[in-house]
Amino acid sequence: MNPQNVRGLIGWVRRVFFGDPARRFAWVSLLLTLSLAVAPTKDFFRQSRQYQRQYSKVIERRPDARALRGRMVSGIHQIWLPDLGILDRCTTCHLGIAEPTLADASVPQPFRAHPPIPHDAEKWGCVVCHRGQGPATEVAEAHETTVAWEQPILPVHFIQASCGTCHLDDLPQAPQLDQGRQLLARFDCTGCHKIAGIDRPAMLGPDLTDIGTKVSREWLYKWLKEPRTIADANGNVTVDGIDFGEPRMPTFRLSDSELQDLSAYLSTRNAHPIRPYHFDPRIVASLSKRQDVADQGEARFRQMFCSTCHSLAVTRAGETSLIGGDIGPELTKIGSKVNPDWLAAWLRNPQEYLPHSQMPRYEWSDADLYEVTRYMETKLTDPDLLADVPKLGSPTKTEIEAGQRLFVDKGCASCHVTEGLSPQEDFGPDLSAIGSRNISQLDFGPAKVQPTLIAYLKSKISNPLSVNPSGRMPQYHLDQASLDAVTTALLSLTGPPSTRGMEKLIVARQNPEFHPAGEFGKLYERYKCYACHKFNGFGGTLAPDLSYEGSRATRQWLLQFMENPQTLRPTLVLRMPQFNMPERDAAVFADYFETAMQSPAVDATLDRKQFTPTMAAAGKQLYEKKYQCQACHTIGSAGGYVGPSLGNAGNWLTPGWIEAWLRNPQALVPGTIEPRQAFTADEIQALTAYLLTLKQSGPANGAAAAPSARGTK
Amino acid sequence: MRAGALLFSAALGFAVLAGCARKSALVKFDPLQNAYDTEPDWNDAQRIIPLNYEEAQGKQIFYEQCVWCHADQTPAGPSNRSNVTPAPPLWNDGATLNSLSDAFLEKFTAQGGTAMGKSAMMPAYGQTLTPEEIRAVVAYARAIAVPALRATSRPGQK
């Protein structure tokens, strides 16, 4: 094209389009009108409209097409939650979420119905649980991370995090969240991090003020180096490891010189020397001659049910497993760990060494104490335990001083209280809003992971150095399920409620406490009843809830049981320990239960005399034929063991309790698995009469009152 | 002249449309990442079954209330199944449960064995569990069934 022609063309355009002001105006107006006409075209091609057209086709093929078509509204759908500051247009494309007939897998996404959940999806919308960008009407903008929106949708695998944003209380419907919260507490994350909803307990790791009186410098060296290496040949049993395979104490990646200094410092922590216990010399003289003193001790260890709280590694057929409970530390190699004088003093009064210890104070005879300590010192040992620890010798002043500095610098004092060093709080960052952190706020460091908050959290927890090679966070070892659970719990921490409206929705955590005063209160603390039993909502879950024990058990049975609990629960692995409780203590418990632990649903005035043998005979028929209670309960040796054995029900239970229990078990023990039956009043009377006739006599009460085969409730 | 104007406006329209069109990125779908909870196949621990919210709630209730008689392994050791005659069906027994409708299983659970002309050893749960909870336990059975229940042939599906 030559320049002359180009000039000619420009001249032509100028003449035709802009020849005079009227033409100019006309053309600009036309252009404006056309570009306005483009807007609806653009909307026509919007993804949400495509999905709406697709939905129309999908529902045409359904048997209930008419009804579905009638309910379908085209255009933008919007759910507005002003209380939460959430605007949600997800239902613009997810058109079938509230259509129960579109639930099956043959319906293509995004049109399938939402599975039933406790919150009405049409009222609450989607973003409140799934996160993502609510107002978006394009797939990528709504679901993924974009420049303008850093919070992508939460994979359903972690969705329980959203439950935890409002429900700060335990939530049985969200097991992964609950597990994660328990792990955050169990691994003492609150030692270094502030975590909303989890309070910092009075004691995290043990108080180390007098650790030098308990263990040797060599043991400390080994333990500090790698709490997991103190393990069996399979590498999966730890000393002091609460969980099978995972101790609560993490690994701190200490160098050899740091280990020397820290072990030197700790081994000199002995402000309160232990006073060795002086056994009765006659008992020592007679017992020490016996060959089987350790065996006797082992038998006593078993009889007392130490294993209810403490586990031991047991190797059977080449497989090592931990047998026993996890309330106290695992004891397989305790004899190679602790000083014998310390052990005897500890067993006599644990709270003298550790005021916060959950260990009950037992009533020991000298013979029992001697035998049990001999068993632990000679049988629960490992001669090779400290074989790979270098010769350390006595600590020097320089080592001790350097160790003290390390104790502070490494954050040991965050979990371990020691005299003279105030506990450090907030050693690590505050995690109360970690779940709403934007990706641009995260430092991934050298980690090669996807740029998402979930990948960051998982990488950081599984290997803290992966995102920050100079970080101070110690190394934990979590399996995949635990890692996901902890990640879920952290994702639920989205900071304080964003709006006043949200504040109203928060379901606060209940923290019931039960610390009665008086004589009972003292014994309750001494025997640490609440470590296993629940009282008015406070306490452990291992053993039955005792809130209404006074209504349930007869005084005679309570006295017998507390003086000699083991004969009453022979089928369980985890049983009430033998406290060797004096008679007067048992009487204090019985008095208190009778007075204070009463259920208003139980008629305490109900008299045994009003139940006749005729009623009992009818009750026996109901028990054996109509309701076949033997499916779950034993009498004697026949029957199932889901529920407690009822062979001694007549001695054990009060008539009022049996009657109220048959009416509504859940009213007495919320969550009990005994199903409530539609018994008539006559049937309740007959069954009560029959159960009251079931009595075993003599000291061998047999399987009388094993509360349940599950051993946990 | 008219053709030029038409061309011009058409070009403008395409430019605007091209600016707006965005590739529709497909959200990657991993069934396990999109499951509320999971459960290993009782007969094959390697196969992990995804559970939705309702099935997951059913699993929770099952492991509290039902596992003692409807499974051979329980969280607290051996099961009570051998003490119950006739032996109750395992909860993943598709061969037995697949042919029964949801409505039947829900009614059986709520009213107990006697009301359905079966063993009285199955107690009634209608006063202990809500209808939603019973439905969830049935949904859980459907999810873990071996042989699997075909989704479209789920009997009594409402």
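Protein chains get the first letters and strands the later ones, always in sequence-line order, with residue 1 at the start of each. Since the structure is predicted, the reported quantities are computational estimates derived from the model, not experimental observations.
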Residue selection (most heavy-atom pairs with chain B, distance under 4.5 Å) from A:His114, A:Gln666, A:Gln160, A:Glu674: A:Gln160

Kindly compute the distance separating OG1 (B:Thr38) from CD (A:Gln176), expressed to the nearest 0.5 Å. 8.0 Å

B:Gln73, CD atom: more than 12 neighbouring heavy atoms under 6.0 Å: no

Quick one: what part of A:Ala678 sits under 4.5 Å from any heavy atom of chain B, side chain, backbone, both or neither? both

Below 4.5 Å from any heavy atom of chain A, which atoms of B:Thr74 appear? Answer side chain, backbone, both or neither. neither

Distance from B:Tyr53 atom OH to A:Cys163 atom SG, nearest 0.5 Å? 7.0 Å

For chain A, the option from B:Ala120, B:Ser119, B:Gly126 that forms the most heavy-atom pairs under 4.5 Å: B:Ala120

State whether the side chain of B:Glu64 and the backbone N or O of A:Ile673 hold a donor-acceptor pair below 3.5 Å, judged by distance alone. no

Is it the backbone or the side chain of B:Ala124 that comes under 4.5 Å from a heavy atom of chain A, or both, or neither? both

Is A:Gln677 in contact with chain B via its backbone, its side chain, both, or neither, using a 4.5 Å heavy-atom distance? both

Bottom line for B:Gln60: the part with an atom under 4.5 Å from chain A's heavy atoms is side chain

Spatial distance of atom CE (B:Met121) from atom CD (A:Gln630) [nearest 0.5 Å]: 4.5 Å

Separation between OG1 (B:Thr114) and NZ (A:Lys625), nearest 0.5 Å, reads 13.5 Å

Which one wins on heavy-atom pair count under 4.5 Å against chain A: B:Gln33, B:Arg81, B:Gln65? B:Gln33

Is it the backbone or the side chain of A:Ile159 that comes under 4.5 Å from a heavy atom of chain B, or both, or neither? side chain

How far does CD of A:Gln173 sit from CD1 of B:Ile61, to the nearest 0.5 angstrom? 8.5 Å

Sort A:Ala174 into side chain, backbone, both or neither according to what part of it lies under 4.5 angstrom from a heavy atom of chain B. both

